[in-house]
Amino acid sequence: MTVKSSRRSFLKGTATSMLVAGFDISGGFAVAAKRTEAFTPFIQVSVDGNITVVVKHFECGQGTVTGLTTLVAEELDVSLEAIKAEFAPADATIYGHTVHRLQLTGGSTSMSNSFLQYRDAAATVRQLLVRSAASRWNCSEADIQVQNGLLSTNDQQGHFGEFISDALKLDPHSPPKLKARKEFRYIGNPEVARKDSSTKVDGTAIFGMDVRLPGMLYAAVLRSPKAGGKLKDFDASDVEGMAGFVTAQPLLDGSGVVVYAQTTWDAFSARQKIQATWDFTNAEQRSSTEIEALHRKMLQIPQHQVFEDYTTSDASTDLGNASKIVDLQFFAPYLAQAPMEPLNVTIEPTSNGGLRIHEGCQSPSLVQMAVSKALKLDQEKIEISTVYAGGSFGRRGALTADYHVEAVLAFIALDGQTPVKVVWSREDDLSGADYRPIAATSVRLGFNDTGDLNTWDLRLTTQSNFIGSPFEKYMVNERGIDASTFYGLAETTYAFPKPAIGLSYWNSSLKTGAWRSVAHSYTAHALEIIVDVMAQTAGQDPLAYRLSLLTDTSNLDQQRLANVIKLAAKQADWEKPLPKGWGRGVAAHKSFGTFVAEIVEVSTDNGQIKIERVVAAVDCGLAVNPDIIVAQMEGAIGYGIGAAMRNQVTLKNGEVEQNNFPDYEPLRIGDIGNIEIHIAPSEEPPTGIGEPGTPPAAPALANAIFNATGQRATRLPLTANGIVFA
């Protein structure tokens, strides 16, 4: 990002009580009096010297509070402990993403998007404070030392706040001077711990479930048991007189009945007594077996060709000349995100006739747009107070903001004045999530006499998250193709023949949405097993074979992927023989600008598989917070492996069969023996880390199982192949 700093970078608060630094949405410093609507205050310094970082990306455990504060601490030479962090209010004109302009957190872009923004803002604050001190003390700027919020020379000292009035009179030099990497004290320091850990441990951190407002009622919604069903009628006579029950009302969009009570338990208890009848005319009523059969049928005649110059018809013809053909069938089921903090939204009225939404809000822009459309209310009247979120994995970033709209409809259905907290149970979320869509993939690989791949015909059927959404015109091209449905396939890093990719889209009333790593979660599973099959056909070691496909020294992506494969191999002792009945599997993948290689070791005992070890190497560019990178990689690997082992969402006559964690079981500590993370040194800018650890997890495990047992498992979850885990 090129930073334009020809304009003043400070906004006056009350008199000179606060100095605020930031950028306009184009990346330039702004004069508040002229362009307050475009001013982005990232850093606030008060007259008492206190520093606050305004965090524009929400925090659901991925580390944005620590990461963005680290950038400011580095350029200001102030410890993280001395800086307060607060979440930004909802305003895309101020806090919008510099690429798509929406205010939201997603795609593992928080650090890459904000790396220079926050450093430039902090460096400019430092520059102006130093100039102010040098002028006051009549000395050279080079004589000023900055450390721990203090400015000093050999005989004079003052904290930041003492120089605000002078700094406000200055224009910043352009561009601000940033620290060189060799000068970093906090960026890249593995000893820098999470900034929010202590408050989460002692309970003072506020999550959505913690929000309490005077006079607030709790609400639970009785929803259609089949996606797309509409309420016909309901009877609440059995609920009257129940402890804590207040009233029950239909939602204005006909999607359900909202039950109001004095506590969450009272609302859940009363909801069980409501008798409702539903119209299933437009609802999903098929079962999983039928849905899968339809997906597979659509593979036969693709609706779209990703590459117009090489189609599946061309590949079918070329396969006729192959010396050997290998057919593979892959299947990835519906998956729920299942964040640990159940969904919840608290709504209250505001004095201007609007409303305020309290939530761990991942996408303020999407929420404002969806609520504005539902209520025909100006977006300016929809305030959002963001607090911590207990996980998301994509669920809190729903394109339709479904549960936010439901909450404001519940608020309106009561009286539009009483604060209401709508809480989803675990059962609610598993039966009504924005699921990771099903993906059915067929692949025909054509090899020549020497075992080299010449031709491959790949066909994919899935459900697009964007087709039919408000963002279709941005995400779907003129040929009807949504590139987000096959991320990682068409642009694979490996050097092998271009595949023919046939694509078909399946539609349902069942909602789909982002799931940690989105399409990479199923494309990497297919691709990395395909590469293993290619190595097997060529009679080569699967890790060495991958490196043979990454030899272009002019291709930086190939070199970075090769480097993490080599690092993982070294740390996992790839060449060291394993005990009898053990197997190692490798998978490597680029997603969100980050390169990851994972090696899984498994053992077998009486037909059961035990995951003994996972070794991962990651190149995410400059490692801003190594401790957080390790934690995110561990979590992403566990999330991917847990889902690959046994998770799936299935339907019976349109109704979700999974109910809670006993039948949608998350990863348990005993499922994996050990996880080791190794961060590759990199001179590149920082890239994503929240999601990239997930895509290689499933194929690395599947490849390890093959090398231990000889069973090639291409269907997810792995238990659906008859595999039993210890």
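The analysis underlying the following values was restricted to heavy atoms, covering all of them including side chains, and did not include hydrogens, waters or symmetry mates.
Looking only at distances, a side-chain donor or acceptor of S431 sits under 3.5 Å from a matching main-chain atom of D428. Of the possible polar contacts, none joining the T604 side chain to the G607 backbone as a donor-acceptor pair under 3.5 Å is found. A donor-acceptor pair is defined here as one N or O able to donate and one able to accept, closer than 3.5 Å; such a pair exists between the side chain of D619 and the backbone of G621. A donor-acceptor pair under 3.5 Å links the side-chain atoms of T461 to the main chain of H295, judged by distance alone. Looking at T512, its side chain never comes within 3.5 Å of a backbone N or O of D434 through a donor-acceptor pair. Listed for the N344 side chain is a donor-acceptor partner under 3.5 Å among the backbone atoms of M209. A distance-only check finds a donor-acceptor pair linking the side chain of Q558 to the backbone of D552 [under 3.5 Å]. Counting only distance, with no hydrogens or angles, the side chain of T687 and the backbone of C620 share a donor-acceptor pair below 3.5 Å.
A salt bridge is absent between E81 and K195: the closest approach of a Lys/Arg side-chain nitrogen to an acidic carboxylate oxygen does not fall below 4.0 angstrom. The residues E341 and R396 are annotated as salt-bridged, a charged nitrogen and a carboxylate oxygen being separated by less than 4.0 angstrom. By the 4.0 Å N-to-carboxylate-O rule, E491 lies too far from K590 to be salt-bridged with it. A salt bridge does not link K610 to D671: none of the charged side-chain nitrogens sits closer than 4.0 Å to a carboxylate oxygen. Checked for salt-bridge contact, E74 and K179 meet the test: a charged N lies under 4.0 Å from a carboxylate O.
Cation-pi geometry between R613 and W582 is not met at under 6.0 angstrom from the ring centre and within 45 degrees of the axis. A cation-pi arrangement, defined by a distance under 6.0 Å to the six-membered ring centre and an angle within 45 degrees of its axis, is present between R516 and Y639.
Classified by interplanar angle (parallel below 30°, tilted 30° to 60°, perpendicular above 60°), the ring pair H520/Y487 is parallel.
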query = Could you go step by step and tell me if I628 and R194 meet the side-chain contact (heavy atoms from CB on, under 4.5 Å) rule?
reply = CA-CA 7 Å; I628 287 178; R194 286 191 68 110; 4.0 Å; yes
I'd like a table of donor-acceptor pairs (distance under 3.5 Å, sequence neighbours excluded) in which one partner is a side-chain atom from residues 564-577, with atom names and distances.
{"from": "W574", "atom 1": "NE1", "to": "D541", "atom 2": "OD1", "distance (Å)": "3.0"}
{"from": "W574", "atom 1": "NE1", "to": "D541", "atom 2": "OD2", "distance (Å)": "3.2"}

